[in-house]
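So the structure is just underneath, and the comments pick up after that.
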Amino acid sequence: MKIKKAIFPVAGLGTRFLPATKAQPKEMLPLLDKPIIQYGVEEAAESGIEQMIFVTAQGKHSIENHFDSAAELEKILEEKGKTELLEKVRASSNLGKFVYVRQKQPPMGLGHAVLMAEELIPEDYFAVILPDDVMNCETPCLKQMNEVFEKVNGGIIAVEKTDEAGQERYGIVKVEPTDNPKLHKIVDIVEKPGSQNAPSNLAVMGRYILPKKIFEILKKTERGAGGEIQLTDAIKELLKTENFYAYEYSGERLDAGEVAGYIKAQVKLALQREDTRGEIEEFISSIKIEK
Ligand code: G1P
């Protein structure tokens, strides 16, 4: 079975970036010359996802516009013969079929956001992509997960080894080994347990392949960590009846969801790109900090 639909929860308030996100969605902040959200959508498209389902909210219209065509702009670029720019502008509207579901503010947590898309998912399994987590992988992260999904019967969560700070900040899984050293069977999952209570050092990164049965569970899930309806809590409940696997993907995750991580992501991506690498390398080595 191929995964064809992905849910992108984009209804969050972007508080970590205030005041920059007072009047614009954090998902539209640029990483080099593309908005953060485009990285997740490109990854999905390259992984075989055909329908991108955005759980959106008030003030997020620019996301819809970004993935739509822009007739006037395209006409001007065409007339001026700016073919390369025209291609870049058109690329974002050709990444799949876009569907929008509106979530009322204030947001009630990731689990609640995912539940908003229930009616759009008759399929047995679907993907969830958290766009703050920009996956910097040679083979797109979700594609790697899809390949594993075809071999196992169950949900898959992308994980990465973390430290004590990560155990405070992420969902953490307790696992048992499988034949594949990168693939673990999940026996428990806890949201932001902290280093004292963390069952391992494997942290959940924002890519999931989930069974649609999760919707029934989410309807009954009560507010958990941070007073929010947590996807993690619903997965924990589902572990009683469903198989879930944690997959240590190849590549790295850039955290574009907070200021320092966002700057690191800019630098990393700029160093990877030919047209910016030289200048940025030179700039970094020339920086002198005066205290
Ligand atoms: C969410 C999930 C958490 C996961 C994290 C990855 O947390 O609830 O389990 O580890 O994404 O980025 P949030 O960043 O929304 O607090």
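Atoms within each ligand, like the ligands themselves, are counted from 1 in listed order. Every heavy atom of this structure was used, including side-chain atoms; hydrogens, water molecules and symmetry mates were not.
Taking a cut-off of under 4.0 Å to the non-hydrogen atoms of Leu130, the atoms of ligand 1 that pass are 1 (C), 11 (O). Counting the atoms of ligand 1 from 1 in the order shown, those under 4.0 Å from a heavy atom of Asp133 are 6 (C), 12 (O). Residue-ligand proximity, Arg253 to ligand 1, at heavy-atom distances under 4.0 Å covers atoms 12 (O). Against a heavy-atom cut-off of under 4.0 Å, Thr232 is close to the following atoms of ligand 1: 9 (O).
Nearest protein heavy-atom neighbour of atom 16 (O) of ligand 1: Lys192 NZ, 2.7 Å. Counting only heavy atoms of the protein, atom 4 (C) of ligand 1 lies nearest to Val204 O, 3.4 Å.
Distances from atom 12 (O) of ligand 1 to the protein include at least one heavy-atom value under 4.0 Å. For atom 7 (O) of ligand 1, a protein heavy-atom neighbour is present inside the 4.0 Å cut-off.
When the shell of 6.0 Å around CG of Asn94 is examined, it contains more than 12 heavy atoms from other residues, nucleotides or ligands. Few gaps surround NZ on Lys4; more than 12 heavy atoms of other groups in view lie less than 6.0 Å from it. Dense packing is recorded around NZ of Lys212, with more than 12 heavy atoms of other residues, nucleotides or ligands lying under 6.0 Å away.
Looking at Arg90 and Glu78, a side-chain N of the basic residue comes within less than 4.0 Å of a carboxylate O on the acidic one, giving a salt bridge. Salt-bridge formation is detected for the pair Lys88/Asp33: a Lys NZ or Arg NE/NH1/NH2 atom is positioned less than 4.0 Å from an Asp or Glu carboxylate oxygen.
Checked against a 3.5 angstrom limit, the closest N/O atoms of Leu110 and ligand 1 fall outside it.
Ranked by closest heavy atom to atom 2 (C) of ligand 1, the top entry among Glu191, Glu258, Arg16, Gln230 is Glu191.
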Point to revise | Stepwise side-chain contact (heavy atoms from CB on, under 4.5 Å) test for Val267 and Glu281 | key: CA-CA 9 Å; Val267 173; Glu281 258 172 2; over 6 Å; no

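Residues Pro30 and Gln266 approach most closely at O-NE2, 2.9 Å, considering heavy atoms.
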